[in-house]
2 protein chains.
Amino acid sequence: MSSLDGPEHTPVPPPILNPAGGANQVRVRAYNERLVLSLVRLYGALSKADIARRSGLSAQTVSVIMRVLEKEGLLSRGAPVRGRVGQPSIPMHLNPDAVYSFGLKIGRRSADLVLMDFVGRIRMQLHQTYAYPLPDEILAFVTSGIEEIESRLDDKQRSRIAGLGIAAPFELWNWAEEVGAPPGAMEVWRDVDLQADIAARVSHPVFLQNDATSACGAELVFGVGPSYPDFVYFFIGSFIGGGIVLNSAIFSGRTGTAGAIGPLPVRDRNGETKQLLEIASIFVLENMLRERGIDPEPLWYSADDWVDFGEPMEVWIQDSAKALAQAIVAAASIVDFSAAVIDGGFPDWVRSRMVQATIDEAAKLDLQGVVMPEIIEGAVGAQARAIGGASLPIFSRYLTDQNVLFKEIDHAEGT
Amino acid sequence: MSSLDGPEHTPVPPPILNPAGGANQVRVRAYNERLVLSLVRLYGALSKADIARRSGLSAQTVSVIMRVLEKEGLLSRGAPVRGRVGQPSIPMHLNPDAVYSFGLKIGRRSADLVLMDFVGRIRMQLHQTYAYPLPDEILAFVTSGIEEIESRLDDKQRSRIAGLGIAAPFELWNWAEEVGAPPGAMEVWRDVDLQADIAARVSHPVFLQNDATSACGAELVFGVGPSYPDFVYFFIGSFIGGGIVLNSAIFSGRTGTAGAIGPLPVRDRNGETKQLLEIASIFVLENMLRERGIDPEPLWYSADDWVDFGEPMEVWIQDSAKALAQAIVAAASIVDFSAAVIDGGFPDWVRSRMVQATIDEAAKLDLQGVVMPEIIEGAVGAQARAIGGASLPIFSRYLTDQNVLFKEIDHAEGT
DNA sequence: AATAAATAAATCCAATTGAATTATTAATTC
DNA sequence: GAATTAATAATTCAATTGGATTTATTTATT
C-alpha cells in the first residue's frame, strides 16, 4: 500500500503506563464470586436463577458459586417463593453477621468509631468530641474503642471482622486557624502516618480514605447510589468536602482527593471571588454564632443536638446555597452528572432547607447549554463518613461495584 | 448476635442498575488478545517475553495468543534484537496495513474525511469548506469521499476497513447565530439522525462521538495520553469544547458530553460572568476580525493558512487564556487532573502562545488548596477530531485502553 | 402437561506448569 | 586467538488444572 501516504502526526512520547494484567480462571472465579455477592447486596435478595439471568452466567456456574458462598456463611437462604409455575425459587440474601467491619471517622470536632455489619447496619458505636484532634488522643480512642467493642463480641464474631476503615480529612494542618486550634498545635499531623500508626496497634487490616470521599462512598452503596450512576457529592462538615461517583463507582483520582471541591472559586454575596469552603462550611456558622454571642457547642456533639439558631443560621444557609449552586453548575459543565447530592453533619431538617435553597439559587443562574443534575438530599446522613470508612474493608474483600476485573481496588491497605 | 443493635439508616431505594456480566474463558481470551494488541500499540514493539512480563500472563499463553495474531496479520515480526545474553528477542509490532478506518470530522466551517491505518497514520484525506453545514451536503461529501478513497484501494485493502467514525458537534442548531448561519437554516439538524443516515449509505459499521471528545481521544491514544493518566482537554474550534480522560480512558458521561466545558461560567475582562465558549472560541476571533474589516476566511480552510492577525488576535489570545485559566482551576477543584491539555483548530504557533498565556494567567489566581494540573500543549493538532473519529472503529474491535473486561465499550455502534 | 428451579455428570477450553529446545553472551581453557 | 563450557533468555511442546458450559435429570409447582 505504498501509494497511501500522508502526514504523520507527532510521535508518541515514552509511555509510563503499566496497564492491567491478563485474565485467567482463578481471577475469573474471584471476580464472579464478588459479582454474585454484589448483585445480592444490590437487590437485597436474589435466587440462583435470578443471578444467572442478571450475570449472564450459566445456571450451573451460579449454582456452584452460590453453594460455596452459602457454605462459607456469606449467603443465607430465605423462604421459598411459591405462587409461580415451576419449582419455587429460593431467594438468597447476604448474611448480616457474616462480616463485620470497623469504621473510624476523624473530624475537626469529634471522632466516631462504629461497628458495621455485612449489610451496612451500624451495630455499635462510640463517640468522642474535642476542641481539635491530636494523633495520640485519636490513637487512644481507637485502640480502647476497638477493645471495648470486641469485648462484647464472642470469638466467632471477632474472627469475622474484615478490618478497620478510617475516614479522615487530608492535610489536617491546613486551616487550623479557622477551626480555632492554637497556633502550631495541628503541625504534629504533618509527620504522622495515621494508617501505619493505627495498623501497628490493631490486629486487622487498616484502610484509609478521605473523609468526604468516604461519605460519598456510603451514599453510593447505601444511599442514592443505586438510582444515580454518576453524581457529585457534597458533605458539609466543619469544612465542606465532596466526592465524585462515575459509572457507579467512586472516582478518587490521582491524589485521592477528587471531588475535594473546597477550593472551587465561587462568588459570595458581595460578588467577590472566594473559595467554596470559606462559605459553605460549618465552621463559618460556628464563627457567626460566636460573633453574636451564641454558644456553638450544640454543633459539635451530635447532629440531633442542633437547634434552630434563627437569623444567623438562615443567613448561613442562604450564603451556602448560593455557593453550592455555583459549584453545581461548574461541576455540571465539566461532567454531566445525573445528580448533585448534598449531605452533612447536621440534622435532616437543616439538610432539607439547604437543598431547597440550593435548588432555588440554581434556578437564578445562567444555565444555557448546561446539563443540570437533579439536586437532591443525601439519604445516609451525618454518619456517612464513618459508614463509608467501615465499608472499605468489606468492599475490598467481598464486593465490587465496579465492572472492573483486573484493576486493584484503590483504597490503600496497610500492613 | 442479638445484643448488637444500633440505628439503621435510610433503606435502599429500588435499584435501577444492571451491572456487568460474568466472566468465562471466551471473554478472557478476547480480553487477553486485546490486551496484547494494546500493549504492543502502546510501546510500539514488544517481544512475546516482554508481553508476558507486562501482562502477568505466562509465556506460553502469550506465545499462543501472539502466534494467532501474527497469523491473522495483525502483528508482524521485526528484526531479532541481539546483544544481550540469551536467545535474541523478536519484537512484534502492529502491522500498519492490518486495519484501516475512516474518520469524518464535521465542523461549523469545514468537514474532513481521513483514512487512517492501524498505527494511527493518516493515509489519505479529503477536505471541504462551507459557510455552514447542511445534512445533505455532508452526506454527499462522505459517500462520494469514501467511494473515491476506496477506489484507490485494492480488494484486500478494502476488506480491512474496520468502519467509519464520525466526530461531530452535538446540537448543531444551537449557536447558529454566532456562526453566521441564516436564521432557521440549522434547524434541519434537529430531525437528522446522522449516524443512521450515513450508516444506511455506507457498507461499514458507523460510530458517532462528540467532536471535542473525539479530539480528546486522539490525544489520549496518539498524543500525551501515555504520559498522563488523567487530564482535562480543551479543543478550541469554531466553538470551544473539551473532553475528560480518567484512568487513561475517555470518560464520556451519561449524555456523551462530559467535558463539554463550553457553558462553564467564567469572568471576562470586565469582571462579568460569561460562558467559556463566549470568549475562547474561534468564532469570537472571527467576529473581532470582521469588525475591524479584516477578512477572516484564512481561519476556515487549513490551520496552516493562518497568518498573524496582530492586535485583535493578541486580545483574543489574552481573553481566552484568562478564561481558560479559570476553567482549569474549576476543573482542578473537582477532579485532581494531572494535566490540562490545550489544542485547537489553529497552527502550532498559536497554540504555543495560547498555552503560555494560560500558564501566566493561572499563576495570578487564588490556588490555595488546589492541586493544579500541568498546563501543556496538545501533541496531535488540528486534525485531532478526525483522527479521534477514525480511531473509534479500531478501538471498538481490536484494542482497549481501559482495564475493563466486561463493560461494553461505550461508543454507540450503528447497524 | 407445562413450566421453572436446581443440580449432577460430562465436556470444553484457556491458562498454567514443567520440561525441552534454541540462540545468544560471558567466562574459561588451551 | 580459538575452542569449550556455563549461564541466560526466548520460545515452544506436552500434560495438567480448573472453572464455565452443555446436557440430562430431578423436584416442585401451577
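All figures in this text were calculated on a predicted structure; none of them were measured in a lab. The chains referred to below are lettered A, B, ... by the order of the sequence lines, with proteins before strands, and numbering in each begins at 1.
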B/Asn32 side-chain N/O to C/dA15 phosphate OP1/OP2 under 4.0 Å: yes

If you compare every side-chain N and O of A/Thr61 against the phosphate oxygens of D/dG19 (OP1, OP2), does one of them come in below 4.0 Å? no

Ring of A/Tyr43, cation from A/Arg54 - is the NZ or CZ under 6.0 Å from the centre and inside 45° of the axis? yes

Protein proximity profile, nucleotides 5-12 of chain D - base contact B, sugar-phosphate-only contact S, no contact -, cut-off 4.0 Å on heavy atoms: ---BBBBB

Does the pair B/Arg121/B/Asp97 count as a salt bridge with the N-to-O cut at 4.0 Å?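 No.
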
Measure from [atom1] on [X] to [atom2] on [N] and round the result to the nearest Å.
X: A/Arg29; N: C/dT16; atom1: CZ; atom2: C1'; result: 17 Å
X: B/Met66; N: C/dA15; atom1: CE; atom2: P; result: 14 Å
X: A/Glu33; N: D/dG18; atom1: CD; atom2: P; result: 14 Å
X: A/Arg34; N: D/dG19; atom1: CZ; atom2: C1'; result: 18 Å

Out of A/Leu399, A/Ile51, A/Asp50, which one pairs with A/Leu39 under the side chain to side chain contact (heavy atoms under 4.5 Å, CB included) rule?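 Answer after filtering A/Leu399, A/Ile51, A/Asp50: A/Ile51.
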
Pick out which of B/Leu246, B/Val245, B/Ile244 makes a side chain to side chain contact (heavy atoms under 4.5 Å, CB included) with B/Asp230.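 With B/Asp230 as partner, side chain to side chain contact (heavy atoms under 4.5 Å, CB included) holds for just one option, B/Leu246.
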
Applying the 3.5 Å cut-off to both distances, the Watson-Crick or G-U partner of C/dA1 turns out to be D/dT30

Look at the aromatic rings of A/Tyr398 and A/Phe118 and report parallel, tilted or perpendicular, splitting at 30° and 60°.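 Because their plane-to-plane angle is over 60°, the rings of A/Tyr398 and A/Phe118 count as perpendicular.
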
For A/Val221 against A/Arg41, the heavy-atom pair lying closest together: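 Nearest pair, atom of A/Val221 first, then A/Arg41: O-NH1, 3.1 Å.
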
